[in-house]
Number of protein chains: 2
Amino acid sequence: MTDKKEKILNAALELFADEGFKATSTSKVANKAGVSEGLIFRHFTNKEGLLNAIVDEGEKRVKLLYADIVLETEPKEVIKKTIETFNTVNKEPDEVHFWKLQYKIKWEMEVYGEHKVEPLQKALTKAFEALGYNQPEAEAQLLLITIDGLATRFYLQQKGFKIESQLELLKKKYKV
Amino acid sequence: MTDKKEKILNAALELFADEGFKATSTSKVANKAGVSEGLIFRHFTNKEGLLNAIVDEGEKRVKLLYADIVLETEPKEVIKKTIETFNTVNKEPDEVHFWKLQYKIKWEMEVYGEHKVEPLQKALTKAFEALGYNQPEAEAQLLLITIDGLATRFYLQQKGFKIESQLELLKKKYKV
DNA sequence: CACACTTGTGAGTAATCACTTACAAATATA
DNA sequence: TATATTTGTAAGTGATTACTCACAAGTGTG
């Protein structure tokens with residue numbers, strides 16, 4: 001990975017996350033990265049190739065993020081970590097662009113990407129089962145759905161939205 | 001409202017909802033509506049004016065939709081109706097485009113539009129308060145957040161996602 | 001019918017789009 | 001050092017973009 005290639009990726013990440021994929025021109029990316037426009041196509045073939053490079057990296061990071069939770073054996077810990085992970089990720093400002101894009105791209109490309117959350121969902125299902133919940137599968141899905149909703153509010157910066165207190169409330173409800 | 005003006009609005013609604021605002025060209029809208037491209041600009045000044053016309057209509061429909069809930073006095077009914085309203089809206093296929101756009105546009109334009117849900121949120125807060133919940137405000141917000149998450153799954157058509165069972169689970173949790 | 005006004009069209013416009021190409025600079029390998 | 005390969009640039013390309021404008025068709029009113 002050359003220096004300029006990485007600069008292209010970083011510029012694209014920020015622009016795609018803030019202004020959207022289709023709304024961001026390759027010339028804008030090149031400008032922000034401080035390289036010639038042609039270099040984007042040398043490294044990534046086309047504009048979609050540039051997006052894919054970022055999304056692929058996203059998949060790796062998601063797996064890494066969930067790895068710790070999936071291995072957890074204590075049911076309550078699985079739920080607790082699921083809720084808390086969302087928060088720790090977004091404490092680092094550099095990471096925010098990255099995760100924001102993961103959500104934003106779902107709507108722009110209209111794909112949910114269920115395979116990414118599947119291992120986590122299964123781990124949660126097992127956890128809810130172990131805790132004696134009546135519909136463990138539905139419960140697991142509902143928790144992930146709620147976190148999706150939290151992300152929407154967080155990334156779109158709804159006024160008066162305090163993510164910490166919502167996460168606390170969630171933990172209280174699940175008694176974790 | 002002339003016939004052709006309405007055809008433009010309908011075509012734009014469907015295209016914006018499916019492919020996004022920025023990704024939909026005015027020529028595409030004109031084509032689908034069966035009118036000349038110039039007519040769009042005669043009626044709506046520019047492309048954003050066309051979007052605004054649709055979004056404004058959205059605000060009216062949201063108010064209409066919530067009016068019934070806000071007037072409800074029975075706390076449990078407020079919560080129940082909030083959960084069920086989401087479902088009834090999306091039973092009519094013509095309505096789906098409309099509501100999908102309302103969610104999609106949030107991400108594309110990066111505005112949450114909190115004023116739209118404010119009356120509903122206040123009604124929910126009062127309901128949770130009456131029912132003796134410890135943090136009625138946070139509870140109201142959390143329920144709306146969860147519904148946002150449900151919408152994401154629903155409109156992005158996540159595989160294996162059954163909205164009815166999730167709504168049932170939600171009602172069970174709130175005992176409504 | 002005459003006149004005003006709205007509704008509608010089709011052929012423009014400059015600007016921007018993603019992408020290509022010819023060539024130069026840098027780097028790796030022998 | 002000589003040569004092959006990779007990395008990078010600048011100036012293009014045709015296609016598409018949002019939008020304009022001159023003018024025609026339709027409609028309502030006296």
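All chains are named by letter (A, B, ...) in the order of the sequence lines, taking the proteins before the strands, and each is independently numbered beginning at 1. Fair warning: this is a prediction, and the values are worked out from it, not measured in the lab.
Residue contacts for B:Lys4: at a heavy-atom cut-off of 4.0 Å it reaches the sugar-phosphate backbone alone, with no base atom in range.
At the phosphate of D:dG8, OP1 or OP2 sits under 4.0 Å from a side-chain N or O atom of A:His43. For C:dG8, the OP1/OP2 oxygens have a side-chain nitrogen or oxygen of B:Thr2 closer than 4.0 Å.
Between the CG atom of B:Asn46 and the P atom of D:dC21 there is a distance of 14 Å, given to the nearest Å. One atom, CE of A:Met1, and another, P of D:dG8, lie 12 Å apart when rounded to the nearest Å. What separates CZ of A:Phe21 from C1' of C:dC17 is a distance of 12 Å, to the nearest Å. The distance from atom NZ of B:Lys47 to atom P of C:dT16 is 15 Å, rounded to the nearest whole Å. Atom pair A:Lys7:NZ and D:dT9:P shows a separation of 11 Å (rounding to whole Å applied). Going from atom CZ of B:Phe44 over to atom C1' of D:dT20 covers 18 Å, rounded to whole Å. For the pair A:Ile8 CD1 and C:dA18 P, the computed distance is 14 Å after rounding to whole Å. Per the geometry, CD belonging to B:Glu48 stands 16 Å off C1' belonging to D:dT17, to the nearest Å.
Although no hydrogens or angles enter the test, the distance criterion places a donor-acceptor pair under 3.5 Å between the side chain of B:Lys76 and the main chain of B:Lys175.
A salt bridge links A:Lys100 with A:Asp18: the closest approach of a Lys/Arg side-chain nitrogen to an acidic carboxylate oxygen falls below 4.0 angstrom.
Atom CG of A:Leu170 is separated from atom CD1 of A:Ile83 by 5.0 Å, given to the nearest 0.5 angstrom. Rounding to the nearest 0.5 angstrom, the gap separating the OG1 atom in A:Thr82 from the CG atom in A:Leu144 is 7.0 Å. Here CG of A:Leu156 is found 9.0 Å from CG of B:Asp148. Values are rounded to the nearest 0.5 Å.
Proximity of the aromatic rings of B:Phe128 and B:Tyr174 is defined here by a centroid distance below 6.0 angstrom, and this criterion is met.
Of the residues in residues 25-42 of chain A, those lying under 4.0 Å from DNA chain D by heavy-atom distance are A:Val35, A:Ser36, A:Gly38, A:Leu39, A:Arg42.
Nearest heavy atoms, A:Glu108 versus A:Phe21: OE1-N, 3.0 Å.
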